[in-house]
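Sequence lines set the chain letters: A, B, ... in the order given, protein chains first and strands last, and positions in each chain run from 1. Keep in mind that what you see is a predicted model, and the values were worked out from it rather than measured.
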2 protein chains.
Amino acid sequence: MTAITASEEIVLEQPCPIRDVLDRIGDQWSLLILEALAPGTLRFNALMREIGDISKQMLSRTLKQLEQDGFITRTLYPEVPLRVEYALTPLGHSFLEPMQQLVAWADTHHRTIVAARLQYQASQT
Amino acid sequence: MTAITASEEIVLEQPCPIRDVLDRIGDQWSLLILEALAPGTLRFNALMREIGDISKQMLSRTLKQLEQDGFITRTLYPEVPLRVEYALTPLGHSFLEPMQQLVAWADTHHRTIVAARLQYQASQT
DNA sequence: TCTCAAGGTCTACATTTTAGACCGTATAAA
DNA sequence: TTTATACGGTCTAAAATGTAGACCTTGAGA
């Protein structure tokens with residue numbers, strides 16, 4: 001009864017648009033999910049396998065938030081067994097464009113960062 | 001004694017460069033700190049004021065991580081009273097370039113997202 | 001003497017995330 | 001027939017993480 005998830009609290013807009021958007025996106029899992037959906041539609045368990053180390057609860061919660069914010073759609077096929085498909089919306093796709101830049105940056109500078117970590121360690125004696 | 005902060009655990013590189021980098025950056029505060037330092041050098045308490053709602057501990061911890069990863073420098077002036085200045089490194093600056101794209105995206109699409117949230121709420125009856 | 005500021009650390013508490021059991025239906029294997 | 005699997009989740013208890021705020025040392029100003 002204590003657990004009121006974000007869905008009911010942070011619905012209205014917040015003072016800073018950037019924080020409003022990035023707080024949601026920069027939450028450890030959202031990005032990974034969006035990237036996983038970039039090539040195409042995936043089902044719940046397929047997403048779990050794709051991402052590898054996300055818990056069911058966090059996947060479920062994060063998918064809800066992404067759906068709520070209009071990044072993805074959730075389509076339920078009332079077959080047996082139940083089938084649920086998640087896919088990027090145009091908004092979700094458009095978001096991935098600037099993200100690709102970031103991913104490219106990360107890829108390019110990863111070695112530099114690892115080197116910095118080692119150097120830092122060394123400097124700490 | 002239970003608290004072993006990340007500084008000692010996640011030093012070596014991880015399988016996926018993108019996750020390695022984004023896990024650190026996408027942690028609620030790192031981005032905000034980097035953005036705050038974009039215009040120029042700031043001191044610890046100035047950063048606190050600039051960001052507004054970060055705790056001292058998280059600011060301290062996050063600054064250490066950013067320094068460790070080579071995004072910022074920490075310069076101690078052993079004056080009285082003590083002065084400590086934080087500034088972006090070239091790596092930190094270069095990171096902000098792709099970030100600007102993301103920030104611009106957030107700014108542009110913020111209204112769409114807020115609208116999606118309202119519509120979602122409505123659809124949930 | 002008291003208060004403030006600098007740049008943090010420490011502790012106790014609150015929030016968030018995790019692992020893993022569980023649910024109901026249906027298919028395939030033993 | 002019992003067991004095992006898969007689907008898409010939810011629920012609970014425990015672990016991890018984040019928070020607020022007291023505290024620390026040195027020195028200046030009232």
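Between R83(A) atom CZ and dG8(D) atom C1' there is a gap of 13 Å when expressed in whole angstrom units. Atom CZ in R43(B) sits roughly 9 Å away from atom C1' in dA5(C) (whole-Å rounding). In this entry the distance linking CG of L63(A) with C1' of dT10(D) reads 14 Å, nearest Å. As a whole-Å value, the separation of E79(A) CD from dA6(D) P is 18 Å. For D27(A) and dT17(C), the CG to C1' distance is 11 Å, given to the nearest whole Å. Between the CE atom of M48(A) and the C1' atom of dA19(C) there is a distance of 11 Å, rounded to whole Å. Between the P atom of dA16(D) and the CE atom of M58(A) lies a distance of 16 Å, rounded to the nearest Å. Computed from coordinates, the L76(B) CG to dG8(C) C1' distance equals 12 Å when rounded to whole Å.
Of all nucleotides listed (dG8(D), dT12(D), dG8(C)), dG8(C) comes nearest to the side chain of R74(B). Of the candidates dG8(D), dT17(C), dT10(D), dT10(D) carries the atom nearest the S60(A) side chain, counting heavy atoms from C-beta on. Checking dG8(D), dG7(C), dT9(C) against the side-chain heavy atoms of K64(B) singles out dT9(C) as nearest. For K56(A), the listed nucleotide lying nearest its side chain is dT10(D); candidates were dA6(C), dC7(D), dT10(D). Nearest to the side-chain atoms of N45(B) among the listed nucleotides dG8(D), dG18(D), dA6(C) stands dA6(C). Distance from the side chain of S55(A) is smallest to dA19(C) among dT19(D), dA19(C), dG8(D). Proximity note for R61(B) (side chain, C-beta onward) versus dG18(D), dC7(D), dT18(C): the nearest is dG18(D). With dT10(D), dT17(C), dC7(D) as the choices, the nucleotide that has an atom nearest any side-chain atom of W29(A) turns out to be dT17(C).
A donor-acceptor pair under 3.5 Å is formed between the side chain of S30(A) and the backbone N or O of R24(A). The closest donor-acceptor contact from the side chain of T89(A) to the backbone of F71(A) lies under 3.5 Å.
Across all strands shown, Y86(B) has heavy atoms under 4.0 Å from sugar-phosphate atoms exclusively, and none from any base. Within the nucleic acid shown, Q57(B) comes within 4.0 Å of at least one base atom, counting heavy atoms only.
Taking the side chain as every heavy atom from C-beta outward, Q68(B) and L118(A) never approach each other to under 4.5 Å. Between V21(B) and I113(A), the closest side-chain pair of non-hydrogen atoms falls below 4.5 Å.
Map D53(A) and V84(B) each onto its nearest nucleotide of DNA chain C; the residue landing nearer the 5' end is V84(B).
No more than 12 heavy atoms of other residues, nucleotides or ligands sit less than 6.0 Å from atom CD of Q119(B).
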